[in-house]
Amino acid sequence: MIMKRNLIVFSALFIIVSCGKENINLNSKLDSIFNEQSYRQSNTGIAVGIIQDGDIIYSKGFGYANLERKEKVTSKTLFHTGSIPKSFVSIALMQLVDKNNIHLDSLLIKYIPELKFSDIRYKQITIRHLSTHSSGMFSYWNRDYDKPKTNEDALYNFVLSLDYEQLRFNPGERFMYSDTNYDILGAIIYKVTGMPFEDYMKKEVLNKAGMYESTFYLPDTNKLAKPYINNYEKEKISRGILYPVNREHAPDGTLFSNINEMCNWMKMNIQRGVFNSIKVLPSEYYDEIWNPAYPVNWDKICYQSMGIGWFIGEFNGMTTYMHSGDDYGYRAIYCIIPEDNFGIVILSNYHDTPIHYLLYNALSYYYNDSSSFALNEFYPTPNEYPNIVGEYKFNDKSIHIHLNNDYLYAKQNSDSCKLFVFKEGGIWGKLNNNNWPFYYDKANINVFKEIDSLENTNYKVSHYENVYEKVKQ
């Protein structure tokens, strides 16, 4: 059962679109959470677009695309979207399935027979395994932004250079997110079409979906929001490098776009492959793309299952389809609810913008559903730090959290890190261990809190797909 949503007139910074009766209170709440977040991150930029029934009903910018020049974010400001293009690749993949150029259950080595891994199980990997993140491959951490490859065959050569001494599990056994899966899919698109990956995506996906300014190449920097990061040594926000695009990793994350064109993208998918009467993909393929293939269970809302290039979840009794992304100095997320003709996109030029926190709050406000997302589940505040201190255990493993000079530190064996960056609902850091060159997800550590039904606060630590419970004293 769909709860009655709030229909309003949004007075946007860029456009004004009528969509039902006016609701100033809702508009004010949405403005408030995005204004406050931009202020918290030193007025770095956030752009937000919401569509309903095919119309853009909310389009606003907060903060600056360039702090030094005080250039405000606009509806045309381009942002790097991180991993979001994986959902674009899924559309391209199914276009080629429709043309009988690719078969989902064919083996990877059918398309790239030159590929050689030390782990012989790679010969069992199928296109479906790659597209649903169930191949068993982990992501390679070093993206070589300081040594970018710009030639047309850079992606294909990178894929041929891959070798896995050991997959994490048998192909098809379970879900495990990996950028490499989509780099390989991009190389296959290049192989079967004879077109550079970026060119195929521009011609067959972006342009057809009304995304004429969006690109997989580094765009005109005058239109691009400058990236900002946390300067960990000086403990302040500083300018990140405007890195060149390395074409080795275009499929897993070099798309640049703005909120207006991302709204077109959401509209096309809500309409199951049609944008302004142009058929991007036959509608029946969405049954395959949006079919839950593997459980994810990253959170209780958007990340319940994995389809082909899309995460599947539930909000307010409705099914959500989405993807998020981040890279050096940028964060992005979008979510659509096709059965309600609704979509929302959030783009930012600050690396630690809590995009999921913002998304879930916006959904809760829009649908007037405070029960589905508790605002106090996120952001442990400094006055709570003494309560976080202690030992956390998962089976026979332990992580110790201690407080020193008003900052929290995590330690596991000889690995340690400082925890002070607010990210995705917790206090985040990266354990120091030079023996983890490729397992970048293994280093991430996050301290967060949960509020149970009795209003009790429980602090937990997540690390390498495991959740550590605090040991009671």
Side-chain angles (χ1 to χ4, degrees), residues 2 5 7 15 17-20 49-59 75-76 81 84-102 104 131 182 185-186 189 192-193 195 197-216 251 255-293 302 307-313 315 318-323 332-345 347:
I2 300 176
R5 62 177 183 265
L7 296 180
I15 58 175
V17 179
S18 177
C19 182
I50 297 177
I51 62 170
Q52 182 67 65
D53 299 324
D55 294 320
I56 299 178
I57 62 170
Y58 187 91
S59 178
S75 61
K76 295 184 179 180
T81 62
I84 279 178
K86 293 182 177 68
S87 60
F88 288 69
V89 173
S90 73
I91 301 301
L93 177 65
M94 299 309 284
Q95 287 176 336
L96 296 172
V97 169
D98 181 56
K99 295 176 181 178
N100 210 32
N101 291 332
I102 292 177
L104 290 178
S131 64
Y182 274 76
L185 287 175
I189 291 172
V192 302
T193 65
M195 295 176 63
F197 169 79
E198 300 93 338
D199 292 349
Y200 179 88
M201 296 300 294
K202 185 66 174 176
K203 178 183 177 182
E204 300 296 335
V205 179
L206 297 181
N207 286 350
K208 290 184 177 180
M211 304 181 72
Y212 306 109
E213 297 294 322
S214 300
T215 176
F216 279 85
L255 176 67
F256 297 85
S257 190
N258 58 47
I259 56 170
N260 279 357
E261 296 200 347
M262 284 300 299
C263 283
N264 289 345
W265 167 251
M266 294 190 295
K267 179 180 177 181
M268 185 276 289
N269 285 287
I270 288 172
Q271 296 175 159
R272 295 176 68 91
V274 177
F275 180 77
N276 288 351
S277 301
I278 297 175
K279 182 179 289 187
V280 183
L281 182 69
S283 63
E284 60 266 26
Y285 288 102
Y286 281 85
D287 294 335
E288 187 86 59
I289 293 171
W290 290 343
N291 180 45
C302 286
I308 293 178
W310 293 68
F311 288 98
I312 304 164
F315 181 85
M318 299 174 290
T319 304
T320 63
Y321 304 96
M322 59 81 69
H323 213 293
I333 194 168
Y334 77 92
C335 175
I336 62 174
I337 304 177
E339 63 193 275
D340 199 32
N341 295 311
F342 172 87
I344 177 172
V345 57
L347 307 176

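These values consider heavy atoms only, across backbone and side chains, with no hydrogens, waters or symmetry-generated copies. This structure is a prediction, so every number in the text was calculated from the model and none was measured.
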- prompt: Does a donor on one side chain and an acceptor on the other come within less than 3.5 Å for Y286 and Q271?
  reply: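 Looking only at side-chain atoms, Q271 and Y286 do not form any donor-acceptor pair under 3.5 Å.
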
field: Donor + acceptor pair across side chains of S87, Y321 (<3.5 Å)
entry: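 Side chains of S87 and Y321: no pair found under 3.5 Å.
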
To the nearest 0.5 Å, what is the distance between [atom1] on [X] and [atom2] on [Y]?
X: F256; Y: T81; atom1: CZ; atom2: OG1; value: 8.0 Å
X: K267; Y: I51; atom1: NZ; atom2: CD1; value: 8.0 Å
X: M322; Y: I336; atom1: CE; atom2: CD1; value: 11.0 Å

Is there side-chain contact between [X] and [Y], with heavy atoms separated by less than 4.5 Å?
X: F342; Y: I50; result: yes
X: F216; Y: P251; result: no
X: F315; Y: C302; result: no
X: V205; Y: Q95; result: yes
X: F275; Y: N207; result: no
X: M211; Y: M268; result: no
X: S59; Y: I259; result: yes
X: V89; Y: I189; result: yes

- request: Any chance you could lay out the side chain to side chain contact (heavy atoms under 4.5 Å, CB included) test for L93 and I308, step after step, and finish with the verdict?
  value: CA-CA 9 Å; L93 177 65; I308 293 178; 4.3 Å; yes

message: Before you tell me yes or no, could you show the steps for N260 and I56 under side chain to side chain contact (heavy atoms under 4.5 Å, CB included), namely the whole-Å CA-CA distance, both residues' side-chain angles and the distance that decides it to 0.1 Å?
response: CA-CA 8 Å; N260 279 357; I56 299 178; 4.1 Å; yes

So, [X] side chain and [Y] main chain: donor-acceptor pair closer than 3.5 Å or not?
X: Y58; Y: I344; result: no
X: N101; Y: V97; result: no
X: E261; Y: Y212; result: yes
X: E339; Y: T319; result: yes
X: N264; Y: G210; result: yes

query: Closest heavy-atom contact between D53 and D340?
result: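 Nearest pair, atom of D53 first, then D340: OD1-O, 4.2 Å.
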
message: So which atom in S214 and which in L255 form the shortest heavy-atom distance, rounded to 0.1 Å?
response: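 S214 and L255 have their closest heavy atoms at CB-CD1, 4.3 Å.
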
task: Report the C-alpha distance between S131 and Y182 in whole Å, list the side-chain angles of each, state the deciding distance to 0.1 Å, and finish with yes or no for side chain to side chain contact (heavy atoms under 4.5 Å, CB included).
output: CA-CA 7 Å; S131 64; Y182 274 76; 3.9 Å; yes

- prompt: Which one of V280, L104, I102 satisfies the side-chain contact (heavy atoms from CB on, under 4.5 Å) criterion with M94?
  reply: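 Going through V280, L104, I102 one by one, the side-chain contact (heavy atoms from CB on, under 4.5 Å) with M94 is satisfied by L104 alone.
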
- prompt: Looking at F311 versus H323, is the centre-to-centre ring distance below 6.0 Å?
  reply: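 That pair passes the under 6.0 Å test.
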
task: For this output row, return yes or no: ring centroids of F88 and W265 closer than 6.0 angstrom.
output: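 Distance test on ring centres: under 6.0 Å, yes.
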
- prompt: Can I337 and I270 be said to form a side chain to side chain contact (heavy atoms under 4.5 Å, CB included), step by step?
  reply: CA-CA 8 Å; I337 304 177; I270 288 172; over 6 Å; no

Salt bridge (Lys or Arg N to Asp or Glu O under 4.0 Å) partners of E204, counting only residues at least two apart: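 Partners of E204 by the salt bridge (Lys or Arg N to Asp or Glu O under 4.0 Å) criterion, ordered by chain and then number, come out as K208.
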
message: According to ring pair (Phe, Tyr, Trp, His ring centres under 6.0 Å), who are the partners of Y285, at least two apart in sequence or on a separate chain?
response: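 Expected list: none.
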
query: Under a 4.0 Å N-O cut-off, is there an ion pair linking R272 with D287?
result: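 Counted as a salt bridge, because a side-chain N and a carboxylate O are separated by less than 4.0 Å.
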
